[in-house]
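In this text, all values refer to a predicted model and were calculated from it rather than measured experimentally. Worth knowing before you read on, the calculation uses all heavy atoms, side chains too, and leaves out hydrogens, waters and symmetry mates.
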Amino acid sequence: DVKVTQSSRYLVKRTGEKVFLECVQDMDHENMFWYRQDPGLGLRLIYFSYDVKMKEKGDIPEGYSVSREKKERFSLILESASTNQTSMYLCASSSRGKGAETQYFGPGTRLLVL
Amino acid sequence: SQQGEEDPQALSIQEGENATMNCSYKTSINNLQWYRQNSGRGLVHLILIRSNEREKHSGRLRVTLDTSKKSSSLLITASRAADTASYFCATDGSRLTFGEGTQLTVNP
């Protein structure tokens, strides 16, 4: 079974702090994604990556950056956390080949910025 | 860019009843997927239907796709309390685009 893990289930940070959210997948997937999920807004894509050291902006990249130094790991970075970044963050991965359309999600990190 | 939109936003039924959720989208697609999310958890892929398919089954799930109407439906038959979750449709494009989901509550 594909397993996508996220470093924390719950996180509380203060405004202005630098925040790292880590995501690791164990299925050798090429593609990885970061979403945030907010009530009434659904899932919105922040950043994605189709290969190591490669990144693409999603729909709402402002205030975020990402890092993909290894194929299995995709990190989301909040350089200076703000209260409007309080949200549920979901990481996902998918393969490049057949079945690439299916994304496998981690359990999510609920971030509260005070 | 939000493409898939689920309807209704919320649905409450009794155990044993069937649940039907709908999804509408705006542009042409290669495939449409349905995902499920238990409260506070990640999404789990349920089923994928390609644009040249009209109906697909998986266990108690039945998905239909009408590309002329740009709509899909997810039917869960003989629902169980454990089916309580949010259900999302996702359409492809350059990447997956998710709707806001239907919150299904199945009462025991």
**Student:** Examine A:F33 together with A:Y47 and report whether their ring centres are nearer than 6.0 Å.
**Tutor:** no
**Student:** Give, as side chain, backbone, both or neither, the part of B:Q37 having an atom under 4.5 angstrom from any heavy atom of chain A.
**Tutor:** side chain
**Student:** Sort B:L48 into side chain, backbone, both or neither according to what part of it lies under 4.5 angstrom from a heavy atom of chain A.
**Tutor:** side chain
**Student:** For A:R110 and A:Y10, run side-chain hydrogen bond (donor to acceptor under 3.5 Å, both in side chains): C-alpha distance rounded to whole Å, both residues' side-chain angles, the deciding distance at 0.1 Å, then the answer.
**Tutor:** CA-CA 5 Å; A:R110 194 168 291 280; A:Y10 301 96; 5.6 Å; no
**Student:** Side chain, backbone, both or neither: which part of A:Q6 has a heavy atom under 4.5 Å from chain B?
**Tutor:** neither
**Student:** For the residue pair A:R68 / A:S49, report whether a side-chain donor-acceptor contact shorter than 3.5 Å exists.
**Tutor:**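 Yes - a donor-acceptor pair under 3.5 Å links their side chains.
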**Student:** Can you tell whether the side chains of A:R44 and A:D38 come within less than 4.0 Å, N to carboxylate O?
**Tutor:**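 Yes, this pair counts.
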**Student:** Please determine, among A:G108, A:P39, A:G40, the option with the most heavy-atom pairs under 4.5 Å with chain B.
**Tutor:**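 That would be A:G40.
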